[in-house]
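Taking it in order: structure first as structure tokens, then the write-up.
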Amino acid sequence: LCRLFEQSNSFAALDEHTQAGYASVLRILCGSFGGMRDVRSITKDCLLGHATRRKAGGIVYYREKHVRRGDTTRDVMKVETDPVRNRAVALDFQVLLRMMRWATETRDAKGDLLLDALPIVGEVKLPREATPKRPHADFERLQCLLKAAEEEIRKATHAENFLTVRRMQLLTLALMVVNVSGRRIGA
């Protein structure tokens with residue numbers, strides 16, 4: 001099914017970068033599940049096993065070596081995956097699901113659908129990355145920053161550096177807004 005999907009018009013309609021990414025993911029999926037495995041036999045447990053193997057790394061798959069221009073030989077090399085995080089596993093599941101959806105709409109030479117129904121619909125949630133821990137400034141640190149800004153304003157006022165005065169006033173305002181609203185400045 002992976003090979004048919006890579007040869008399809010739906011795959012050809014993707015941009016070159018996306019095609020390369022999908023092709024890599026499809027090879028990894030074939031390495032994880034087995035290249036000749038029937039897609040209908042993939043269950044929730046198979047997907048969870050793939051997620052565990054993918055996060056740990058070490059899935060063996062095969063890809064073509066990078067070839068020089070004009071070289072017509074196609075050498076295949078054995079590659080092992082590195083450990084990844086949840087986002088890469090979620091992409092694997094998305095590509096697999098996209099391929100399965102394509103197979104439910106595509107007919108073979110006899111006129112039969114490649115897949116009658118999606119075998120894993122709604123069974124597995126896509127893994128998500130945890131929200132990153134961001135540092136939080138306490139009230140004492142805010143007080144120190146405000147005092148430092150006031151001191152810089154006084155120094156710049158005596159030196160008649162009005163640009164620095166304006167910047168420090170804006171910094172003071174931004175610090176107060178962040179303190180009151182509880183949001184990051186870049187959010």
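Atoms considered below: every heavy atom in the structure, side chains included; atoms not considered: hydrogens, waters and symmetry mates.
- When all heavy atoms of G31 and I59 are compared, the pair lying nearest together is C-CG2, 3.8 Å.
- Separation of atoms OG1 (T106) and CZ (R101) is listed at 13.5 Å; rounding is to 0.5 Å.
- Within 6.0 Å of the CD atom in E80, the count of heavy atoms belonging to other residues, nucleotides or ligands exceeds 12.
- Note that CD1 of I153 is 8.5 Å distant from CG of L171, once rounded to the nearest 0.5 Å.
- The ring pair (Phe, Tyr, Trp, His ring centres under 6.0 Å) test applied to F33 returns H50, not counting sequence neighbours.
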- [ ] Begin with the C-alpha distance, continue with both residues' side-chain angles, and end with the deciding distance and a verdict on salt bridge (charged side-chain N to carboxylate O under 4.0 Å, His left out) for E151 and K147.
- [x] CA-CA 6 Å; E151 190 175 318; K147 282 182 185 177; over 6 Å; no

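- Rounding to the nearest 0.5 Å gives a distance of 9.5 Å between CE of M36 and SG of C30.
- Minimum heavy-atom separation, C46 to R37: SG-NH2, 3.0 Å.
- Annotation: side chain of K44 is in contact with side chain of L48 (closest heavy-atom distance under 4.5 Å).
- Side-chain atoms of Q19 come within 3.5 Å of backbone N or O of F11 as a donor-acceptor pair.
- Taking 4.5 Å as the limit, some side-chain heavy atom of K55 sits within range of a side-chain heavy atom of N86.
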TODO: Decide yes or no on side chain to side chain contact (heavy atoms under 4.5 Å, CB included) for M77 and Y62, but give the supporting numbers first.
DONE: CA-CA 6 Å; M77 62 188 272; Y62 297 90; over 6 Å; no

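- By the criterion of side-chain heavy atoms lying less than 4.5 angstrom apart, applied directly or through intervening Ile, Leu, Val, Met, Phe, Trp or Tyr residues, L4 is grouped together with L118 in one hydrophobic cluster.
- Using a 4.5 Å heavy-atom cutoff, the side chains of L97 and Q94 are not in contact.
- Between V79 and I28 the shortest side-chain heavy-atom distance does not fall below 4.5 Å.
- Between T104 and L114, every side-chain heavy-atom pair lies at or beyond the 4.5 Å cut-off.
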Open item on the list: I'd like to know whether L170 forms a side chain to side chain contact (heavy atoms under 4.5 Å, CB included) with R166, so could you lay out the CA-CA distance, the side-chain angles of the two residues, the decisive distance to 0.1 Å, and finally the verdict.
Closed with: CA-CA 6 Å; L170 289 174; R166 186 67 182 144; 4.0 Å; yes

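- Between L173 and Q169, the closest side-chain pair of non-hydrogen atoms is not below 4.5 Å.
- The environment of N9 atom CG is sparse: at most 12 non-hydrogen atoms of other residues, nucleotides or ligands sit within 6.0 angstrom.
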Task: R107/D112 under salt bridge (charged side-chain N to carboxylate O under 4.0 Å, His left out): CA gap, chis, key distance, verdict - done: CA-CA 5 Å; R107 299 190 179 276; D112 298 329; 5.8 Å; no

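- Residues passing the side chain to side chain donor-acceptor pair (under 3.5 Å) test with R85 are E129, sequence neighbours excluded.
- When all heavy atoms of L1 and W102 are compared, the closest pair comes out as CD1-CZ3, 3.9 Å.
- Here Y61 contributes atom OH and S32 contributes atom OG; the two are 12.5 Å apart, rounded to the nearest 0.5 Å.
- L113 and F5 are assigned to two separate hydrophobic clusters, defined by single-linkage of ILVMFWY side chains at heavy-atom distances under 4.5 Å.
- Judged by distance alone, the side chains of S41 and D38 never bring a donor and an acceptor atom under 3.5 Å apart.
- Taken to the nearest 0.5 Å, the CD atom of E105 stands 14.0 Å off from the CE atom of M100.
- Taking CZ of R27 as the reference point, atom SG of C2 lies at 10.0 Å (rounded to 0.5 Å).
- Taken together through direct or relayed side-chain contacts under 4.5 Å among Ile, Leu, Val, Met, Phe, Trp and Tyr, L91 and L14 form part of one hydrophobic cluster.
- Residues V84 and R54 come closest through the heavy atom pair CG2-O, 3.2 Å.
- Residues satisfying the ring pair (Phe, Tyr, Trp, His ring centres under 6.0 Å) criterion with Y22, sequence neighbours excluded, are absent altogether.
- The backbone N or O of A20 lies less than 3.5 Å from no partner atom in the side chain of S24, so there is not a single donor-acceptor pair.
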